[in-house]
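As structure tokens, the structure follows; a few thoughts come after it.
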Amino acid sequence: METGSQENAREAEGRAAGRPEDQPGGGSRGGAGNGSGSGSASGPPGEPVWTGLPPGLLRMRRLLLVVWLGLIALVLGPLLGVLAGPAWAAFALLPLALTAWGWVLLGRNWRSWRYAERDDDLLISRGVLWREETVVPYGRMQLVEVTSGPVERHFGLATVQLHTAAAATDATIPGLDPAEAERLRDRLTELGEARSAGL
């Protein structure tokens with residue numbers, strides 16, 4: 001009886017070991033789980049990777065807004081007070097209200113600017129109320145240049161200007177760091193030459 005019981009136990013163990021699909025996480029269910037995990041990690045194919053503009057552009061624009069409208073308020077207030085009376089001097093508060101309104105709009109406009117370097121073209125998106133997206137194919141680029149005016153240089157910024165075969169697809173990316181602007185110019189020029197040569 002002891003020998004028969006030992007043989008039955010060994011047979012039960014052999015059947016359990018020979019059917020891994022009955023174990024939790026075994027067999028085809030384990031393979032399906034691995035497949036779905038790798039698919040979700042890769043993400044949606046072809047989705048652009050967006051890059052926003054640096055905050056230096058927003059600081060520059062807001063400073064210019066405060067300076068210009070502040071000067072208008074300082075000049076307009078005394079001038080109206082002398083020429084039209086003290087009551088008219090209150091109109092000098094209008095530039096101050098415009099400053100607060102423009103401060104918010106400049107922030108929203110700055111956040112709307114972004115660009116994405118894709119395999120065959122450059123995608124530029126901007127706009128708050130009306131979103132505008134410009135697609136610039138690398139093969140149609142004729143000239144990519146970096147410009148920086150006196151105010152931009154003071155804030156350490158530069159602008160990338162893209163000139164294409166069609167004026168409708170010309171584009172500009174403002175307020176970039178000079179190093180990023182030069183990198184983007186060199187890369188777009190290289191890609192444009194390669195696409196034009198048919199490589």
Side-chain angles (χ1 to χ4, degrees), residues 34-70 95 98-199:
N34 294 336
S36 61
S38 61
S40 61
S42 61
E47 185 174 348
V49 179
W50 293 102
T51 302
L53 300 183
L57 177 64
L58 179 61
R59 289 195 297 266
M60 181 190 72
R61 289 179 172 177
R62 281 178 169 174
L63 179 60
L64 293 176
L65 174 72
V66 171
V67 169
W68 283 109
L69 291 182
L98 292 177
T99 301
W101 182 59
W103 186 280
V104 176
L105 288 184
L106 286 176
R108 296 179 62 185
N109 179 265
W110 170 76
R111 285 189 293 270
S112 71
W113 273 87
R114 55 183 185 170
Y115 62 95
E117 302 173 55
R118 302 194 294 188
D119 293 337
D120 299 316
D121 51 45
L122 179 70
L123 182 62
I124 303 174
S125 177
R126 61 195 178 276
V128 179
L129 296 179
W130 289 274
R131 173 73 62 177
E132 181 179 354
E133 290 189 354
T134 303
V135 179
V136 184
Y138 297 139
R140 305 191 67 177
M141 290 184 184
Q142 294 183 334
L143 177 64
V144 182
E145 58 182 350
V146 176
T147 61
S148 183
V151 179
E152 285 181 312
R153 287 198 302 271
H154 178 75
F155 284 89
L157 301 174
T159 297
V160 174
Q161 295 182 346
L162 311 172
H163 303 278
T164 64
T169 56
D170 288 355
T172 300
I173 305 177
L176 296 176
D177 295 328
E180 170 63 12
E182 293 177 0
R183 182 203 68 82
L184 192 60
R185 177 198 60 193
D186 295 341
R187 183 174 187 274
L188 294 179
T189 300
E190 179 182 357
L191 290 172
E193 293 175 351
R195 293 299 190 277
S196 299
L199 299 179

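Keep in mind the model is a prediction, meaning the values are calculated, not measured.
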I would like to know whether Arg114 and Leu53 meet side-chain contact (heavy atoms from CB on, under 4.5 Å); could you show each step before the answer? CA-CA 6 Å; Arg114 55 183 185 170; Leu53 300 183; over 6 Å; no
Using side-chain contact (heavy atoms from CB on, under 4.5 Å), reason through Ile173 and Gln161 one step at a time and then give a plain yes or no. CA-CA 7 Å; Ile173 305 177; Gln161 295 182 346; over 6 Å; no
Taking Arg62 for its side chain and Trp103 for its backbone only, find out whether a donor-acceptor pair lies under 3.5 Å. yes
Quick one: list whatever passes side chain to side chain donor-acceptor pair (under 3.5 Å) with His154, sequence neighbours left out. none
Residue of the set Leu162, Val135, Thr172 for which side-chain contact (heavy atoms from CB on, under 4.5 Å) holds with Ile124: Leu162
Looking at Val146, is its backbone amide N or carbonyl O close enough to the side chain of Thr159 to form a donor-acceptor pair, meaning the two atoms are under 3.5 Å apart? no
Inter-residue atom distance Tyr115.OH - Leu176.CG, 0.5 Å rounding: 5.0 Å
Working for side-chain contact (heavy atoms from CB on, under 4.5 Å), residues Trp50 and Leu123: CA-CA 9 Å; Trp50 293 102; Leu123 182 62; 3.2 Å; yes
For Leu58 and Leu106, work out which heavy atoms get closest and say how close. CD1-O, 3.6 Å
Show the numbers, then the answer: is there a side chain to side chain donor-acceptor pair (under 3.5 Å) between Gln142 and Thr164? CA-CA 5 Å; Gln142 294 183 334; Thr164 64; over 6 Å; no
With no hydrogens and no angle check, is any side-chain donor or acceptor of Tyr138 less than 3.5 Å from a backbone partner on Arg118? yes
Inter-residue atom distance Arg195.CZ - Met141.CE, 0.5 Å rounding: 10.0 Å
With side chains defined as the heavy atoms from C-beta onward, is the minimum distance between Val151 and Met60 less than 4.5 Å? yes
Do the side chain of Trp110 and the main chain of Arg61 share a donor and acceptor less than 3.5 angstrom apart? no
Considering non-hydrogen atoms only, spot the tightest contact between Pro178 and Gly156 and give its length. CD-O, 3.2 Å
Distance-only, no hydrogens or angles: does the Arg131 side chain make a donor-acceptor pair with backbone N or O of Ser112 under 3.5 Å? yes
A quick test of your reading: do over 12 heavy atoms of other residues, nucleotides or ligands sit less than 6.0 Å from CH2 of Trp101? no
Salt bridge Arg140-Asp121, side-chain N to carboxylate O under 4.0 Å: no
Judged by atom type as modelled, is there a donor-acceptor pair below 3.5 Å linking the side chain of Glu152 to the main-chain atoms of Gly149? yes
Any salt bridge linking Glu145 with Arg185? Criterion: basic side-chain nitrogen under 4.0 Å from a carboxylate oxygen. no
Distance (rounded to the nearest 0.5 Å) between Leu191 CG and Asp120 CG: 9.5 Å
Pro174 versus Leu57, closest heavy-atom pair with distance: O-CD2, 4.1 Å
Distance in Å, Leu188 CG paired with Glu117 CD, rounded so as to fall on 0.5 Å steps: 6.0 Å
Where do Leu65 and Gly102 come nearest, in terms of heavy atoms and distance? CD2-C, 3.5 Å
Salt bridge (Lys or Arg N to Asp or Glu O under 4.0 Å) partners of Glu180, counting only residues at least two apart: Arg183
From Thr99 OG1 over to Leu69 CG, what is the distance, rounded to the nearest 0.5 angstrom? 4.0 Å
